[in-house]
There are 2 protein chains.
Amino acid sequence: MRDEAPRPLTAICNALQEQIAHGLLPQGGKLPAERKLSELFDTTRITLREALGQLEAQGLIYREERRGWFVSPPRLAYNPLIRSHFHAMVAEQGRVPATEVLGARLIPASVEICELLELPALSSVYQIRRARRVDGRLVLYVEHYLNPAYFPGIIDFDLTQSLTDLYSSEYGIHYGRVRFDMVPTALHPEAAAPLKVSAGSPALRITRINRDQHGRLIDCDLEYWRHDAIHVSVEVA
Amino acid sequence: MRDEAPRPLTAICNALQEQIAHGLLPQGGKLPAERKLSELFDTTRITLREALGQLEAQGLIYREERRGWFVSPPRLAYNPLIRSHFHAMVAEQGRVPATEVLGARLIPASVEICELLELPALSSVYQIRRARRVDGRLVLYVEHYLNPAYFPGIIDFDLTQSLTDLYSSEYGIHYGRVRFDMVPTALHPEAAAPLKVSAGSPALRITRINRDQHGRLIDCDLEYWRHDAIHVSVEVA
DNA sequence: TAGTGGTCTAGACCACTGA
DNA sequence: CAGTGGTCTAGACCACTAA
């Protein structure tokens, strides 16, 4: 390895990577202001932000809209083969889950939802919008769409709890077959706002289409995860 | 919806999105030069590149290092539960696969590889590095690490073909249990170069740890996919 | 060799956050 | 209200690609 003069961008990335790897910046800790950093590295804010963007893409740091840059906590393990809801999954990994309900209402199903749930045109569906936290950090925005035929009046319950539990205790419905679809993409404005990140941030969109114990399509979830918040594990026998 | 004056960045994104959605720019087609576009939208290259970066994050367009911006082709479906190798998977979806061998040699195993394959310290492993294309586009960089005890002399075969087939026909070994781990991240320089993209581009890293029919750890793959090239589907019974 | 993308400089204004 | 991040301007030089 020869010691070539590194480009400013690379130099900044390496320096910050090293500091983070050696724990000099605490997890969840805030980085200094962009102007401070650009001064420190003797460069412009444009270049500095380019470097921060690369570290963000790697999942080492993340942004909160207008609040600054922070060191990313460890990723959560997400296993689609294990039937476990959010709170249980998070708690099992020694982290602290939290859920916030953003809205719940009966709406006309969009074309996309009609197709996913195999509903006739102009159907109504329950839409539940929630934001979820791990250790206080907003990491997930979900839209649930439920076939109202199976869950009359569900939006009057406390929806901060697990829907899985509600299905079971109030409606006698349990999950059966599930289809997952995972796509690396960017957050659209409606998902970015509740997560308090800027639209266009990288994300992992996970679509779940759920059937019950009788094979009936009962609901689907559109999940938008911060791309640095999870890793997906699957074990195949 | 009121008609607020949209910010330049948003306006550029929307305009390009629309053009692409309506097929005015052909799939795989090249966008005009950045300077042309910035002139067209009456803005600077910095701002224009910001917009292109957002579309890239969404997976609508992609970059080839120093060659320009192109419209992304449709994503490939990747199903970890279906035991199928790259060429078969791609061909089944009506696309054209291609493989290029970048190198094959016996090397001392890194700490990471020792752990993944449960090898003692200072073990040797076969490393096979390959790049894969779909319809001519470079989409995947893979490093395979094989336990040499099970595959003596394998690097002297034609390695552009499927390893699965080689294992079976030459060594009588078949895949058994497999562990997948998927992480949205960015390409490091060693993975970016063979894919001819700039380091730091968003990517999906898929680690596979494979066992044979007797449950022995035989090899592992470190796959780096362009983030806009695939979507992962899993069906759970 | 002309034109392109990759990188960088040196500023600026605005909207919002947090004290 | 001071400071921050979000956005934008108007240039520049270099290394590389494609003709």
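Chain naming here is simple, since letters A, B, ... match the order of the sequence lines and numbering starts at 1 in each.
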Backbone N/O of Glu223(A) and side chain of Glu143(A): donor-acceptor pair under 3.5 Å: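 Checking the backbone N and O of Glu223(A) against the side chain of Glu143(A), no donor-acceptor pair under 3.5 Å is found.
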
Using atom types as modelled and distance alone, determine if a side-chain donor or acceptor of His227(A) lies under 3.5 Å from a backbone N or O of Glu56(A).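 Confirmed, His227(A) side chain pairs with Glu56(A) backbone.
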
Within residues 24-34 of chain A or reaching into it, pairs that qualify as salt bridge (Lys or Arg N to Asp or Glu O under 4.0 Å) - sequence neighbours excluded: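 Listed once each, the pairs are Glu34(A)-Arg45(A), Glu34(A)-Arg49(A).
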
Identify all pairs in which a protein N or O lies below 3.5 Å from an N or O of nucleotides 10-17 of chain C, and state each distance.
| residue | atom | partner | partner atom | Å |
| --- | --- | --- | --- | --- |
| dA15(C) | N3 | Arg66(A) | NH1 | 3.4 |

Should the pair Tyr224(A) and His188(A) be assigned to parallel (<30°), tilted (30 to 60°) or perpendicular (>60°) ring geometry?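 If you compare the ring of Tyr224(A) with that of His188(A), the planes turn out perpendicular.
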
Please round to the nearest 0.5 Å and tell me the distance separating atom CD1 of Ile206(B) and atom CG of Asp221(B).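 Those atoms lie 10.0 Å apart.
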
Within this structure, what is the [atom1]-to-[atom2] distance between [X] and [N], rounded to whole angstrom?
X	N	atom1	atom2	value
Glu56(A)	dG5(D)	CD	P	14 Å
Arg49(B)	dT9(C)	CZ	P	15 Å
Glu50(A)	dG6(D)	CD	C1'	15 Å
Arg63(B)	dG5(C)	CZ	P	11 Å
Leu48(B)	dG6(C)	CG	C1'	14 Å
Glu39(B)	dT9(D)	CD	C1'	16 Å
Lys36(A)	dA2(D)	NZ	C1'	11 Å
Glu34(B)	dT17(D)	CD	C1'	14 Å

Need to verify one output field. Residue with the more 5' nearest nucleotide on DNA chain D, Asp42(B) or Lys30(A)?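 In this pair, the answer is Lys30(A).
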
Distance check: side-chain N/O of Thr43(B) vs OP1/OP2 of dT9(D), anything under 4.0 Å?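 Result: yes.
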
OP1 or OP2 of dT9(D) less than 4.0 angstrom from a side-chain nitrogen or oxygen of Thr47(B), does that happen here?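 Answer is yes, contact under 4.0 Å.
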
Report yes or no: is the cationic atom of Arg226(B) (NZ for Lys, CZ for Arg) closer than 6.0 Å to the six-membered ring centre of Tyr141(B), at no more than 45° off its axis?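 Ring-cation test returns no.
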
Output the residues of residues 186-195 of chain B in contact with DNA chain D, where contact means a heavy atom of the residue under 4.0 Å from an atom of the strand; sort by number or write none.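 Correct list: empty, so none.
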
Identify every side-chain donor-acceptor pair in residues 195-205 of chain B under 3.5 Å, counting partners at least two apart or on other chains, and give the distances.
| residue | atom | partner | partner atom | Å |
| --- | --- | --- | --- | --- |
| Ser201(B) | OG | Ser198(B) | O | 2.7 |

Go through the structure and list residues passing side-chain hydrogen bond (donor to acceptor under 3.5 Å, both in side chains) with Arg75(A), not counting sequence neighbours.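 Once residues adjacent in sequence are excluded, Arg75(A) has no partner under the side-chain hydrogen bond (donor to acceptor under 3.5 Å, both in side chains) criterion.
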
Please name all residues satisfying side-chain hydrogen bond (donor to acceptor under 3.5 Å, both in side chains) with Thr47(A), sequence neighbours left out, ordered by chain then number.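 If we apply the side-chain hydrogen bond (donor to acceptor under 3.5 Å, both in side chains) test to Thr47(A), skipping adjacent residues, the hits are Thr44(A).
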
